[in-house]
Amino acid sequence: MDMELIQQIRDKARSLLEEGTVEGVIGYERASDGVTARPFFAYKPSATERLIFDETCAHNLVKYLLNKKGKKMAVVVKPCDSRAINLLLNEEQIERDKVFIIGVGCPGMVETNWNHKSETLQAKCRSCQLFKPVVYDFLAGGELERQAEEETYSDIAKAEAESLATRREFWLEQFSRCIRCYACRQVCPGCYCPVCFAERLEPLWVGIRIAPEENEMWQTIRSFHLAGRCIGCNECERVCPVDIPLSLLNRKLEKDVKELFAFQAGLDPEEQPPFATFKKEEKLEFGE
Amino acid sequence: MDPESPFIPYLATLKTATQLTPDIKLLSVELEDPDIKAGFDYKPGQFALLSAFGEGEAPFGIVSLPQQRDGLEFAVRRIGTVTRALQELEPGDTLGVRGPFGNYFPLEDYGGKNIIIIGGGIGMAPLRPVINRILERRDDYEELVIINGARTPQDLVFQPEFPTWMEAPRTRLELTVDKGDEQWKGRVALVPDVVKELAPSPDNAIAIICGPPIMIRFTLAGLRDLGFKDDQIVTTLEAKMKCGLGKCARCNIGEKYVCQDGPVFTLEQISQFLEQP
Amino acid sequence: MNLFASKDDLIRWLDSLLQERIVVAPVRVEEQTMFQPISKVEEIAFDFDNTTLSPKGWFLPPTETLFSVQRDDGQVELVPTLVEQDAVLFGLHPCDARGIALMDKPFLQEPSDALYRERRSRTALVGLACRQVQPECFCTSMGSAPDDPSNVDILLTEVEDGYVVQAVTEKGKTLLPQGLAEYEGKVPTPPKPQAVPTKEVVSAMRELFNDPYWEQLGDRCLHCNICAYVCPTCYCFDMRDYADRGKVERVRSWESCQSPGFSLTAGGYDPRTTKGERLRQRFYHKLLYFPEQFQDVACVGCGRCVRECPVNIDIREVISDLQQVREAKSGS
């Protein structure tokens with residue numbers, strides 16, 4: 001662990017709380033296995049001693065800001081997480097003056113399970129091009145020198161090369177394992193509808209049945225709701241208890257939106273996402 | 001319900017559907033199997049789960065008097081998918097009934113007492129069989145005051161029974177609405193304010209209340225101010241009930257199962273709950 | 001009297017069972033192991049720590065049809081789903097077997113759940129004692145043990161060259177194949193899981209209902225359903241009709257007290273609105289309400305929730321925290 005980095009985070013968190021600038025700091029602490037990390041909410045200056053930061057801090061903490069609306073909170077963000085801040089600012093779900101962003105230059109997160117920390121970087125980190133958060137109030141650790149190990153979307157390019165029938169079969173098999181725990185939705189900063197479409201009875205988009213066809217509806221509709229909005233934190237895939245490779249689906253849509261609209265969510269808090277805007281000069285093909 | 005398979009409803013036929021208010025209908029339902037019909041014993045306060053096949057099930061207080069085997073009555077307010085489907089049934093259509101579930105108002109214990117019934121909107125539904133049972137055995141009870149409130153005059157529930165209630169001996173029916181209309185000549189006041197105005201005495205009295213949470217909250221405060229003790233105030237709790245059997249744990253309020261330990265509770269009992277409703 | 005079965009004996013036996021019954025066993029699915037009905041004995045994974053989902057799904061499936069509604073000339077008939085076949089649930093660890101025994105309490109209590117009851121009486125349980133324990137296991141603190149035979153019909157313990165076979169019930173005895181030799185060797189000592197102090201937990205729960213501990217813990221909870229769905233003893237469910245594909249069916253599916261909207265009534269009233277209140281409900285159901293109703297804590301120490309919770313809400317930590325909080329309160 002980089003103790004200097006951690007000390008910077010702790011000191012900043014402590015002074016924010018001591019000065020009353022924020023009501024709480026959302027960061028990471030050591031998990032009960034002594035190996036990995038978990039989210040931690042510090043409300044008192046003394047609690048900031050528990051804050052850590054290392055390569056097991058994969059969680060995207062930005063989602064928690066939505067539970068603390070109206071309160072000024074500080075949050076520790078990695079570069080990918082910081083895109084979620086821009087997304088939520090852009091969609092007017094959080095206010096800029098209600099969040100103090102403690103940005104961290106990120107060395108990449110490793111794959112972890114409970115009580116197990118591997119040496120392998122997570123897939124999203126292997127192709128990451130952001131080494132410093134895109135928005136922050138305080139930067140701990142400074143900008144890192146790091147080269148992306150892989151081409152962005154290299155795993156997606158491989159999957160795209162398969163035939164449509166193969167791809168469909170693959171996804172139906174993956175979705176058949178889904179138990180509709182909704183962890184993917186709950187952890188996602190882009191999923192914040194007060195009543196999710198999956199909970200609605202009218203119209204009945206999905207219903208309560210936990211079965212392959214309903215699972216397929218759930219997963220595909222959620223992916224489409226995230227198209228142009230997914231910021232690629234891959235938390236959905238990390239939390240899935242049955243190992244469905246959700247980030248493939250969500251990043252594929254991110255790739256398509258990038259190619260079609262030259263847009264990536266979360267890089268600029270001002271730029272409107274393509275599906276929320278209408279530009280006269282866009283060609284629509286039918287009736288034009 | 002079928003003890004072999006308690007999730008399978010009894011089949012019943014809708015006999016009549018009477019519009020009570022713009023969104024509340026009184027459904028009268030006859031169980032199809034004569035043995036089940038004969039054995040369907042229930043008391044005021046208990047509920048049944050009605051199935052609109054194709055939509056699902058929802059819980060409703062049984063508002064008829066127990067000896068009315070020909071028609072089990074339910075007051076259904078249109079508020080969701082199942083209630084809408086139940087309201088769309090025509091006489092002759094089939095629906096499902098599971099029950100009776102839950103506990104009941106211990107009316108025998110209230111003998112010789114003054115009874116104050118306070119209902120708001122659809123909350124009058126579970127109170128109706130209590131009123132009718134008291135009127136049936138009028139001499140067993142002392143004064144009866146019924147405070148019946150609703151949003152508007154059209155929303156007052158059980159209007160066809162008001163004359164009977166008003167003319168019963170030692171009985172007062174006090175109606176009130178939140179907002180009147182051109183024809184309305186009666187009281188325009190919130191139910192808790194009516195309670196304050198009438199100031200019933202807590203001596204030898206039992207207050208039975210049912211209505212929207214906000215009405216209950218303020219009415220409770222008013223009753224307590226008048227000196228009512230928590231064991232003199234009775235209510236019936238609303239919860240999201242699904243199985244009615246104490247199995248799905250949906251209706252847990254703390255360790256209580258509203259479908260088994262309730263839905264009728266005194267304030268005294270509720271104040272002891274670990275989790276407050 | 002213990003018997004001995006070589007791996008070949010076991011496979012032959014399972015093969016013969018497969019001819020007449022459904023056999024549900026641990027199967028490797030990608031990187032995980034899941035309980036599934038098998039079509040060939042080769043599919044069984046004999047070597048696994050524990051499955052991601054518990055085997056409760058055999059008795060209370062994630063989704064099942066309770067009955068279908070048939071309409072003929074205006075006559076309505078309700079056709080209940082029937083349990084048609086005998087089954088063997090093979091390879092469950094003692095913790096999971098105890099989970100099933102705990103689920104029996106609400107489901108078999110009168111009036112009993114017909115589908116659960118039928119499956120239960122028609123399914124034989126063949127347990128597999130644990131050769132090793134994981135850091136997250138704590139079954140001995142929750143009324144079970146890695147070699148506990150209490151809740152199975154037959155218990156297998158792996159030894160060199162095969163398995164020690166213990167017929168625990170009459171049903172188990174009749175299920176076993178003929179000709180198995182007696183086992184005269186030693187039964188290996190079971191491994192020791194970590195202990196979690198649970199003596200005072202039920203009484204601590206009673207006192208700490210309104211403690212700020214729950215809102216603090218609730219801060220990081222995501223309110224997904226993972227803990228409840230992987231748990232061997234969580235059993236809340238939802239019921240709804242489906243009228244599609246030309247059929248009307250009453251369907252029952254898993255649900256959990258953690259979902260938003262679990263306790264929300266149609267009229268809009270919800271007794272649990274904060275994250276801490278919702279999180280608290282699960283712990284209270286398992287550690288207070290269930291034991292007060294059925295005399296047993298509704299946790300078997302399998303450690304699945306500890307392993308799978310994305311934000312590390314650890315029931316062992318909660319149990320020991322509560323006792324500490326209570327102690328601190330009474331000390332002050």
Side-chain angles (χ1 to χ4, degrees), chain A residues 24 26 28-41 43 47 58-59 61 63-64 67-68 113-116 173-174 176-188 194-196 198-201 204 207-211 213-215 235-236 238-245, chain C residues 29-32 34 52-53 57 61-65 134-136 215-230 237-245 249 251-256 258-261 264 274-275 303-304 306-318:
Chain A
I26 311 174
Y28 302 94
E29 66 168 349
R30 188 57 69 213
S32 65
D33 56 9
V35 170
T36 58
R38 70 185 184 198
F40 174 61
F41 290 67
Y43 295 103
H59 312 69
L61 303 174
K63 180 80 188 268
Y64 291 121
N67 301 128
K68 300 285 181 187
N113 278 312
W114 191 76
N115 199 43
H116 175 68
E173 204 203 297
Q174 298 296 320
S176 68
R177 290 204 310 284
C178 173
I179 53 173
R180 302 266 283 293
C181 67
Y182 297 123
C184 49
R185 170 186 80 186
Q186 297 299 109
V187 80
C188 174
V195 180
C196 174
E199 313 284 350
R200 287 198 186 274
L201 299 174
L204 191 70
I208 65 171
R209 233 191 220 134
I210 301 174
E213 285 191 32
E214 278 79 3
N215 295 346
E235 282 286 83
C236 47
R238 184 183 65 83
V239 301
C240 177
V242 293
D243 289 352
I244 298 176
Chain C
V29 177
E30 310 243 334
E31 301 289 314
Q32 303 181 324
M34 301 282 197
T52 306
L53 293 175
T63 275
E64 66 179 331
T65 299
Q134 304 307 310
E136 62 269 21
E215 285 303 332
Q216 282 160 22
L217 192 62
D219 263 337
R220 70 176 187 268
C221 177
L222 296 176
H223 297 294
C224 60
N225 300 321
I226 289 180
C227 53
Y229 286 9
V230 299
F237 56 84
D238 196 358
M239 291 196 297
R240 225 193 123 66
D241 287 4
Y242 267 72
D244 61 346
R245 306 169 230 225
E249 293 178 322
V251 168
R252 162 164 75 181
S253 288
W254 286 357
E255 247 247 318
S256 107
Q258 298 308 300
S259 326
L264 179 67
T274 71
K275 283 161 62 78
R304 284 186 177 89
V306 176
R307 221 174 26 245
E308 300 296 337
C309 175
V311 296
N312 188 227
I313 293 188
D314 185 331
I315 192 172
R316 308 164 307 162
E317 200 178 2
V318 172

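Numbered from 1 within each chain, the chains take letters A, B, ... in sequence-line order.
Here the CD-NE2 distance, from A:E235 to A:H59, works out to 6.5 Å after rounding to the nearest 0.5 Å.
Contacts of C:D314 with chain A are made by side-chain atoms alone, with heavy-atom separations under 4.5 Å and no backbone atom involved. Residue contact with chain C, scored on non-hydrogen atoms closer than 4.5 Å, involves the side chain of A:N115 exclusively. Using a 4.5 Å cut-off between heavy atoms, A:R177 contacts chain C through its side chain alone, with no backbone atom that close. Within the 4.5 angstrom heavy-atom criterion, only side-chain atoms of A:Y43, from C-beta onward, approach chain C. At a 4.5 Å heavy-atom cutoff, the contact between C:V306 and chain A is made by backbone and side-chain atoms alike. Residue C:M34 touches chain A through its side chain alone, counting heavy-atom pairs closer than 4.5 Å. Proximity to chain C is absent for every atom of A:K63, based on heavy atoms less than 4.5 angstrom apart. With a 4.5 angstrom heavy-atom cutoff, C:Q258 does not touch chain A via any of its atoms. Heavy atoms of A:V242 lying under 4.5 Å from chain C belong to its backbone as well as its side chain. Residue A:E214 touches chain C through its side chain alone, counting heavy-atom pairs closer than 4.5 Å.
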Worked check of side-chain contact (heavy atoms from CB on, under 4.5 Å) between A:L201 and C:R240: CA-CA 10 Å; A:L201 299 174; C:R240 225 193 123 66; 3.5 Å; yes
Should A:N215 and A:R180 be marked as a side-chain contact (heavy atoms from CB on, under 4.5 Å) after you check the CA-CA gap, both sets of side-chain angles, and the distance that decides it? CA-CA 7 Å; A:N215 295 346; A:R180 302 266 283 293; 2.9 Å; yes
Checking side-chain contact (heavy atoms from CB on, under 4.5 Å) for the pair C:Y242/A:I208: CA distance, chi angles, key distance, verdict? CA-CA 9 Å; C:Y242 267 72; A:I208 65 171; 4.0 Å; yes
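A:S32 pairs in a side-chain contact (heavy atoms from CB on, under 4.5 Å) with only one of the listed residues (C:N312, C:I313, C:I315), which is C:N312.
Between chain A and the residues C:G261, C:A228, C:P62, the largest count of heavy-atom pairs under 4.5 Å involves C:P62. Residue with the most contacts toward chain A among C:Q134, C:E136, C:R316, C:E308: C:E136 (heavy-atom pairs, distance under 4.5 Å). Of the residues considered (A:V239, A:V187, A:I179), A:I179 shows the highest number of contacts with chain C, using heavy-atom pairs under 4.5 Å. Comparing C:T65, C:I226, C:V29, C:V230 by heavy-atom pairs within less than 4.5 Å of chain A, the highest count is held by C:I226.
With a 4.5 Å cut-off on side-chain heavy atoms, C:Q32 and C:L53 do not count as touching. Within the 4.5 Å cutoff, the side chain of C:P135 has heavy atoms near those of the A:W114 side chain.
Note: A:Y64 and A:F41 have perpendicular aromatic rings, judged against thresholds of 30 and 60 degrees for the angle between ring planes.
Under the 3.5 Å distance criterion, the side-chain polar atoms of C:K275 are matched with a main-chain donor or acceptor of C:C221.
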